[in-house]
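Letters A, B, ... are given to chains in the order of the sequence lines, protein chains preceding strands, and every chain is numbered from 1.
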Amino acid sequence: MRYVPLLLATLLLAACGKSATDQPSDSLTVRIGAAAPLTGPQAHLGKDNENGTRMAIEDANAKGISIGGKKVHFELVSEDDQADPKTATIVAQKLVDDNVSGVIGHLNSGTTIPAAKIYSDNGIPQISPSATAVAYTHQGFRTAFRVMANDAQQGHALGVYAAKNLGARRIAVIDDRTAYGQGLADEFIKAVTALGAEVVSHEYTSDKSVDFTAVLTAVKAKQPDLLFYGGMDAQGGPMARQIKALALNVRFMMGDGGRTPEFIRLAGDAAKDVYGSLPGVPLEKMSGGAEFAKRYESEFKQPIQLYAPYCYDAVNVMIAAMQKAGSTDPAKYLPALAAISHDGITARIQFDGNGDLKGGAVTLYQVQQGQWQPLETIGGQ
Amino acid sequence: MEIFLQQIINGLVQGSVYALVALGYTMVYGILGLINFAHGEVVMMGAMVSLSALSLMAGLPPLVSLPLSLLLAVAFCMLLGYGIERIAYRPLRHAPRLAPLITAIGVSIVLQNLAMLIWGRDYHSFPQLFANHAHRMAGAIINDIQLAIVVAAFLMMAGLMLVVHRTRLGRAMRAVAENQHAAQLMGVDVNRVVSVTFMMGSALAAVAGVMVSANYGLAHYYMGFLLGLKAFTAAVLGGIGNLRGAMLGGLLLGLIESLGAGYIGDITGGFMGSQYQDVFAFLVLIAVLIFRPSGLLGERLAERA
């Protein structure tokens, strides 16, 4: 308990150190909002997003960018949406009130979808680095963009791989009832049934559960040959362990929410041979991906979880649009953002009419020797 | 049949976890009439401390390091429980009942964030120190840790019953539960009894935390929240303030959840699925509270704690 004041003091000092050094007086300050869960079960993913966003903003400030003849200093306003749709709308309103010029976020589809309306109402461009649910960009908002493939593309790729490449016939599905998990599971089911496989069981859990023995036992009764989970790593890890403990003999597959280093740590031995997917090409194959990973690890002392490179690109796309439009005014640079073509780390970023990434790729992975190894990349330029 | 047996085992294990935590809730409520909402966070602290202790003693044989880390966690949580009571509850003992409820929630948030600062936001995987043997019983599977959880829950309940009904301390506890002022006039040191109650409850929480982490193989600063909520539900279901009630409520809640998740889809012909698992549990809770407002084993003038 006596370390609390010490910790608080350290944090304060760190905060002071930062704001004192980078605040030249003659520059225009542009605020960029970021929203992700920084507390709760998905805090590790939220922090990963924040780190990627922070890196891009620090880089832009180090480069010294001028927009419309003025030297611009970018400032990160990071908010915690707790992965909760209700909190997300409050946080979105707060960012709007803080006069941000654009928002990088949110992390989850369930939070991004309701928050998009608030940004749209206030004309503030929003780029999600990780919300893959189809619905996000299909609400008719001109301000909503994303920089990776959506779940229609991802669910389809996963389904085709399961039914065709792995030859699964009896498929069980579990989803976590979030906009992301449910959406991905639905797209997956569409793809596998189109290829003649049978969905023998569809069970549900929540994004806060740790015990899945009951639903897994129900799945076991239907004797499937493949189990797909639409949800995040924090549930996927313990689920993989419990699959093994219950001697449930299936191949286990997840989407991008489960394809993290964290999953491998949590699942332990049970991670072996599990399948996962990630929108985009593997980090090693991205231009400058390896270098980005090295810089990230040296700055934040931890490996990239998932979407940090996408956050980095999202910020840079936004800044590129501001530079092209010669203005940081959301109304002025929004058309430039919609028409942008920017070579980022993750891909060449161009948006279609909905704000989705054009030609988004999806890569399938499998855990081999304690690592996610890429198997095959589908789509992309 | 083997699937049904497996669901019963799943429910028993999950229920024993709830019961272990519910015992702590019910003890404090029995003595003080206070719902200690920080109890779930004490469970989490127990898991985290034992995890840190284990990683410090990585070189030692597991037969030494595991009991030692459990002891450390228990000791830490007892101190923590004592501290919580001293700081957040004792000054408010004669305040309106809402005040300590609010400080309880406050303590819970403080502990969660403190754990986040110390251990970070990451999930920690709990090391597997022993080969966790799986036992097959008529096709259903139960492993060593799960067996240990069920046994521990029953042992703890029996131990607590012994303390409360067979010792001097237990008599003092029952006296304080019945009437604090009268107990004080009879020479019972009320502060000491309350402190000891909190320490005992926190020791149980530490054991529960270590067992839960070992079973699911993970620990996280947020793990206490939902567990605390479910255990509280279990305590209310069984009759809060009653030790056997906590055990019964925990086991029942676990069984309802697992059987609900397993069969609700088949029973309703796919109309309702396992997403109604929690709804099912709370429906039972509401039904019980309508017909027995003080819980299954709760009586108006029950032997509390």
Side-chain angles (χ1 to χ4, degrees), chain A residues 1 3-4 7-8 10-11 37-48 174-177 182 201-206 208-222 233-234 237-242 244-248 261-270 302 305, chain B residues 2-4 6-7 9-11 13-14 17 79-80 83 87 110 112-114 116-118 120-128 132 134 136 140-143 145-146 212 215-218 220-223 225-227 254 257-266 270 273-278:
Chain A
M1 285 288 208
Y3 294 105
V4 184
L7 265 170
L8 287 176
T10 323
L11 282 176
L38 300 176
T39 56
Q42 292 172 34
H44 60 295
L45 298 177
K47 197 67 189 169
D48 188 52
I174 301 179
D175 78 60
D176 68 359
R177 295 277 96 185
Q182 192 177 345
S201 165
H202 190 171
E203 299 290 340
Y204 310 91
T205 182
S206 86
K208 293 178 185 65
S209 303
V210 284
D211 190 291
F212 311 100
T213 49
V215 286
L216 288 174
T217 304
V219 163
K220 190 179 180 183
K222 301 286 191 326
D233 54 359
M239 192 181 283
R241 275 178 185 247
Q242 289 163 32
K244 203 177 164 200
L246 286 169
L248 179 54
E262 197 80 355
F263 168 80
I264 297 178
R265 279 202 322 114
L266 293 179
D269 302 342
Q302 60 188 21
Q305 285 294 346
Chain B
E2 90 181 49
I3 294 292
F4 180 73
Q6 184 70 57
Q7 292 290 27
I9 289 175
N10 295 342
V13 173
Q14 182 73 29
V17 168
L79 274 177
L80 185 67
I87 294 167
V110 167
Q112 243 182 56
N113 285 281
L114 200 64
M116 189 171 83
L117 285 174
I118 298 173
R121 293 171 165 86
D122 293 337
Y123 283 79
H124 301 274
S125 56
F126 206 86
Q128 198 178 343
N132 191 5
R136 278 180 178 273
I141 300 169
I142 185 165
N143 62 36
I145 298 177
Q146 292 175 321
V212 171
N215 186 29
Y216 297 120
L218 86 172
H220 186 240
Y221 77 91
Y222 200 68
M223 65 185 273
F225 180 75
L226 201 66
L227 189 60
E257 277 190 3
S258 81
L259 291 176
Y263 292 103
I264 199 169
D266 293 343
S274 42
Q275 72 267 42
Y276 289 98
Q277 180 176 8
D278 287 348

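Of the residues listed (B:Ile9, B:Ile141, B:Ile3), the one engaging A:Thr217 in a side-chain contact (heavy atoms from CB on, under 4.5 Å) is B:Ile3, and it is the only one.
One finds the OG atom of B:Ser274 at 8.5 Å from the CG atom of A:Asp175 (value rounded to the nearest 0.5 Å). Separation of atoms CD (A:Glu262) and CZ (B:Arg121) is listed at 13.0 Å; rounding is to 0.5 Å. Separation of atoms CD (B:Gln6) and CG (A:Leu246) is listed at 5.0 Å; rounding is to 0.5 Å. Here A:Asp211 contributes atom CG and B:Glu257 contributes atom CD; the two are 8.0 Å apart, rounded to the nearest 0.5 Å. A distance of 7.5 Å separates CD of A:Gln242 from CG of B:Asn215, quoted to the nearest 0.5 Å.
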For B:Tyr222 and A:Thr39, what are the C-alpha separation, side-chain angles and deciding distance, and is it a side-chain contact (heavy atoms from CB on, under 4.5 Å)? CA-CA 8 Å; B:Tyr222 200 68; A:Thr39 56; over 6 Å; no

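Heavy atoms of A:Thr205 lying under 4.5 Å from chain B are absent altogether. With a threshold of 4.5 angstrom between heavy atoms, A:Leu38 approaches chain B through its backbone and through its side chain. Residue contact with chain B, scored on non-hydrogen atoms closer than 4.5 Å, involves the backbone and the side chain of A:Glu203 alike. With a 4.5 Å cut-off on non-hydrogen atoms, A:Arg177 touches chain B through its side chain but not through its backbone. The parts of A:Lys208 that come within reach of chain B are both its backbone and its side chain, each placing non-hydrogen atoms under 4.5 angstrom from that chain. Contacts of B:Phe225 with chain A are absent, with no heavy-atom separation under 4.5 Å from either backbone or side chain.
Formation of a donor-acceptor pair under 3.5 Å by the B:Tyr123 side chain with backbone atoms of A:Pro41 is found in this model. When atom types are taken as modelled, the side chain of B:Tyr216 and the backbone of A:Met239 share no donor-acceptor pair closer than 3.5 angstrom.
When each of A:Val215, A:Val210, A:Asp269 is scored by its heavy-atom pairs under 4.5 Å with chain B, the top score falls to A:Val210. If you tally non-hydrogen atom pairs under 4.5 Å between each of B:Asp122, B:Val17, B:Asn143, B:Val13 and chain A, the highest count goes to B:Asp122. Counting heavy-atom pairs under 4.5 Å between each of A:Ala267, A:Gly268, A:Gly40 and chain B puts A:Gly40 at the top.
Residues B:Ser258 and A:Thr213 form no side-chain contact, since every pair of their non-hydrogen atoms from C-beta on lies 4.5 Å or further apart.
In terms of heavy atoms, A:Ala218 sits closest to B:Gln7 at N-NE2, 3.7 Å. B:Leu218 and A:Pro238 get closest at one heavy-atom pair: CD1-CG, 3.9 Å. Nearest heavy-atom pair across A:Arg241 and B:Gly217 is NH1-CA, 3.6 Å.
More than 12 heavy-atom neighbours from other residues, nucleotides or ligands sit within 6.0 angstrom of OH on B:Tyr263.
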